[in-house]
Chemist: 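My structure is below; once you've seen it, I'll send some questions.
Being a predicted model, the structure only gives us computed values, none of them experimental.
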Protein chains: 2
Amino acid sequence: MQDVADAAGVSVGTVSNVLNHPAKVSPATAERVREAISRLGFVRNDAARSLVSGSTNSVGMVLADIENSLFIDMAHGAQDAARAVGQNLLLANTACDMTLQDDYLDLFDESRVTGVLLAPMEDSSAGIARIRSHGRQVVLLNYAPRPGTCCSVLVNNEHVGYLAARHLIDTGRTRLAYVVAHDDYQPVRDRRRGVRAAVEEAGPGVTLEEIDSVGLTSSHGHVVGQDLARRAPDDLPDGLIAVTDELANAIIHQLHAVAGIRVPDRVAVVGCENNRAAGASVVPLTAVDMPGRTMGQEAIRLLMDEVASGAQHRHATVVLEPELIVRASAPR
Amino acid sequence: MQDVADAAGVSVGTVSNVLNHPAKVSPATAERVREAISRLGFVRNDAARSLVSGSTNSVGMVLADIENSLFIDMAHGAQDAARAVGQNLLLANTACDMTLQDDYLDLFDESRVTGVLLAPMEDSSAGIARIRSHGRQVVLLNYAPRPGTCCSVLVNNEHVGYLAARHLIDTGRTRLAYVVAHDDYQPVRDRRRGVRAAVEEAGPGVTLEEIDSVGLTSSHGHVVGQDLARRAPDDLPDGLIAVTDELANAIIHQLHAVAGIRVPDRVAVVGCENNRAAGASVVPLTAVDMPGRTMGQEAIRLLMDEVASGAQHRHATVVLEPELIVRASAPR
DNA sequence: ACTAGACTTTGGAGCGCTTCAACGCGCGTC
DNA sequence: GACGCGCGTTGAAGCGCTCCAAAGTCTAGT
């Protein structure tokens, strides 16, 4: 910066002003400085800047699973909203590894980012408490925080389950099954509550079976599908809710394509995420849509609110409502 | 830091040593300092650190399309490799927006990251030249750089096209079509060369038609699929190569599921990426696999090489070979 | 008892920037 | 001609850390 100042025949203070408060500098001087900057290829040092200001204009976003299109949607929404308020969005993928998640939280903490958006897969209270205690703001996405500990953007996951089950019931299915895994993951728990609520509401004519899968991915779904395919025909559910789309698609594949048990004729299937792949599968998947983009936008809004309002900030929870997307796997 | 030093009854220099050179500090002192750090909730300021050292231990990765599983694989591979050498990987998604891409390159440049991994969708020579001229190292992924301007990790995209076409020819298809868009995108150009090479090699018995799609996504693929479905039966190709999996899947959907033109019986289809969704589609997609993870790992290796070797560094290009994954849409 | 040498600890310089009080400088006013 | 005023500009303080020369402490050898 001194070099630029020398080259332009001004002081470093003036160079700084050209960069940060152009109005304070006469046009002629500013032009001279800008010319020197580009001639010398000067790049200001962000570290020094944020050392002085004590902050940055970056927001860190920590995602548990960048493979999942819901998380990507959230990132998209957050990016748009962040840019609109002059912040950059930096992404970090933890691949569901809590050690990595803690590392990234600490990294963002040490980098003095404006704030952190966290979309975890497990309870992360410890990490949140840690960086919040340093004054770093956190907004939690798709995972309910301990009450009063931070802002959050949630989907009404109970309603997700309810909508899924309700659609099957409304279309005449009476023997439902809910395929679930990872019941310690709070959105999963909520979805189950909704499924159960819908079934109870329907009265004794509708039954619910809960099928425990080992995990939430395709391979686990294939196992569940194979097990189902081996059942006696009248032991088969006629409506199936899978807690993730991936599970749903894998089950459909096994039933429909491998075992010849037609979907939706014999079994209707509903997923609970409406992932990117939902519409493109063997039998396009009816699924309850999670509004990822909006979630990301809301998260940035909450974060900037919190940063702006300082001490008198009150934590808020935004709960967005899901929407059923009807496709072939469980038609109207 | 001064507070910690006071609390532990030592100087700031010692606190710094506890954090950075623990071996230099006696165990008792170190313990006292650490206790003070956690009691006071001290978080070291990364900005000040990197101001002193002139560098960080973060690598920035700029991705053109985080929706595409190839890019996600690259991010995964890079993350693993980066962590193995003590670097954090920061992700940025440009969503194919060159303005955003330039912004992120500049952001990483100003942040003095160790280096930048760039996986673009268009020629990015200008941006690369800009930040390289400031001494920032860049490794280009899946896009050939101007010769000698930087390191890069590529896939032999010509061979991608070749493998795809060759597989169709080897399994008896004689009337091939290559569906392509975005021909200014260099990997796309390369793939076409490979397709043409395979067809020429096969001699006069095999013909190639090139079908221009408007874009690379599902909706564009649906249009192409509809157009194909309207053709007279003997005007239909019997082997189809789509430059992206998304295109391939959409075409299969239109042909097979909508128009009843069986895949692979009437038309065999091959994709060129082997995306995550390839195996889960209506007719599981035969595709040429791009080794994303390895690409990411190699990129980090090249970057760290370049950082370590300084002036005597010679740019290198790593070219990885693709592999055909045979599934139902174009069986053996 | 004295000292060389190894191990610890200290304190201050300096990283590159922003900010702000202070300082010109020209101009209109009294 | 002295004064006040606003605009541009300056120069230095200080952000929080790392690094290093120097000082301090301890042990063992003479």
Chemist: Going 5' to 3' along DNA chain D, which are the first and last nucleotides with any atom under 4.0 Å from a heavy atom of chain A?
Modeler: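 Reading along DNA chain D, I get dG8(D) to dG16(D).
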Chemist: Go through the steps to decide whether Glu67(B) and Ser69(A) satisfy the test side-chain contact (heavy atoms from CB on, under 4.5 Å), and finish with yes or no.
Modeler: CA-CA 7 Å; Glu67(B) 312 247 333; Ser69(A) 66; over 6 Å; no
Chemist: Any residue in residues 39-60 of chain A with a heavy atom nearer than 4.0 angstrom to DNA chain D? Just list them by number, or reply none.
Modeler: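 Here the set is Leu51(A), Val52(A).
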Chemist: If the condition is salt bridge (Lys or Arg N to Asp or Glu O under 4.0 Å), which residues does Asp109(A) pass it with, not counting sequence neighbours?
Modeler: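 So Asp109(A) forms a salt bridge (Lys or Arg N to Asp or Glu O under 4.0 Å) with Arg136(A).
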Chemist: Expressed in angstrom and rounded to an integer, what is the separation of Lys24(B) atom NZ from dC7(C) atom P?
Modeler: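 It is 13 Å, rounded to the nearest whole Å.
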Chemist: Would you mind listing every ring-ring contact (aromatic ring centres under 6.0 Å, His included) that reaches into residues 107-155 of chain B, with sequence neighbours excluded?
Modeler: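 Checked against ring-ring contact (aromatic ring centres under 6.0 Å, His included) - neighbours excluded - the pairs reaching residues 107-155 of chain B are Tyr143(B)-Tyr185(B).
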Chemist: Listed by chain and number, what are the salt bridge (Lys or Arg N to Asp or Glu O under 4.0 Å) partners of Arg34(A), not counting sequence neighbours?
Modeler: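 Residues passing salt bridge (Lys or Arg N to Asp or Glu O under 4.0 Å) with Arg34(A): none at all.
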Chemist: Applying the side-chain contact (heavy atoms from CB on, under 4.5 Å) criterion to Met290(A), which one of Asn68(A), Asn157(A), Leu320(A) satisfies it?
Modeler: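 Of the listed residues Asn68(A), Asn157(A), Leu320(A), the side-chain contact (heavy atoms from CB on, under 4.5 Å) partner of Met290(A) is Asn157(A).
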Chemist: Without placing hydrogens or testing angles, list every side-chain donor-acceptor pair under 3.5 Å for residues 83-91 of chain A, not counting sequence neighbours.
Modeler:
unit_1	atom_1	unit_2	atom_2	d
Arg83(A)	NH2	Asp103(B)	OD2	2.5
Gln87(A)	OE1	Ser58(A)	N	3.3
Gln87(A)	OE1	Thr114(A)	OG1	2.7

Chemist: For Arg32(B), check salt bridge (Lys or Arg N to Asp or Glu O under 4.0 Å) against everything at least two apart and list the hits.
Modeler: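 Listed in chain order: nothing, the list is empty.
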Chemist: Round to the nearest Å and state the distance from Met1(B) atom CE to dC15(C) atom P.
Modeler: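 Taking atom P of dC15(C) as the reference, CE of Met1(B) is at 18 Å.
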Chemist: I need the single residue from Asn93(B), Leu141(B), Val139(B) that forms a side-chain contact (heavy atoms from CB on, under 4.5 Å) with Met61(B). Which is it?
Modeler: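 Passing option: Leu141(B).
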Chemist: What distance separates Arg130(B) CZ from Ser133(B) OG, expressed to the nearest 0.5 Å?
Modeler: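 If we round to the nearest 0.5 Å, Arg130(B):CZ and Ser133(B):OG are 8.5 Å apart.
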Chemist: Residues from residues 11-23 of chain B sitting under 4.0 Å of DNA chain D, heavy atoms only?
Modeler: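 Result for residues 11-23 of chain B: Gly13(B), Ser16(B), Asn20(B), His21(B), sorted by number.
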Chemist: Please report the distance, rounded to the nearest Å, between CD in Gln2(A) and P in dC17(C).
Modeler: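 Taking CD of Gln2(A) and P of dC17(C), I get 10 Å after rounding.
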Chemist: Count the heavy atoms belonging to other residues, nucleotides or ligands that lie under 6.0 Å from NE2 of His315(B), then report whether that count exceeds 12.
Modeler: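 Buried by this count: over 12 neighbours within 6.0 Å.
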Chemist: Restricting to side chain to side chain contact (heavy atoms under 4.5 Å, CB included), what partner residues turn up for Arg146(B), sequence neighbours left out?
Modeler: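 Side chain to side chain contact (heavy atoms under 4.5 Å, CB included) check on Arg146(B) returns Asp123(B), Ser125(B), Thr149(B).
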Chemist: Taking five pairs at each end, how big is the angle between the two axes of the helix from dA1(C)-dT30(D) to dC30(C)-dG1(D), to 10°?
Modeler: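 The end axes of the helix from dA1(C)-dT30(D) to dC30(C)-dG1(D) are about 60° apart, to the nearest 10°.
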Chemist: Just how far, in rounded Å, is C1' of dT8(C) from CD of Glu31(B)?
Modeler: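 Nearest whole value for this atom pair: 17 Å.
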Chemist: Which residue pairs pass the ring-ring contact (aromatic ring centres under 6.0 Å, His included) test when at least one of the two sits in residues 10-64 of chain A, sequence neighbours left out?
Modeler: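 Every pair satisfying ring-ring contact (aromatic ring centres under 6.0 Å, His included) with a residue in residues 10-64 of chain A: there are none.
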Chemist: Taking only side-chain N and O atoms of Ser26(B), does any of them lie within less than 4.0 angstrom of OP1 or OP2 on dT9(C)?
Modeler: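 Affirmative; the distance criterion is met.
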Chemist: Between P on dG16(C) and CD1 on Ile37(A), what's the gap in Å once rounded to a whole number?
Modeler: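 Answer to the nearest Å: 16 Å.
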Chemist: Please report, to 0.1 Å, the donor-acceptor pairs under 3.5 Å made by any side chain of residues 296-304 of chain B, with sequence neighbours excluded.
Modeler:
unit_1	atom_1	unit_2	atom_2	d
Glu298(B)	OE1	Arg301(B)	NE	3.3
Glu298(B)	OE1	Arg301(B)	NH2	2.8

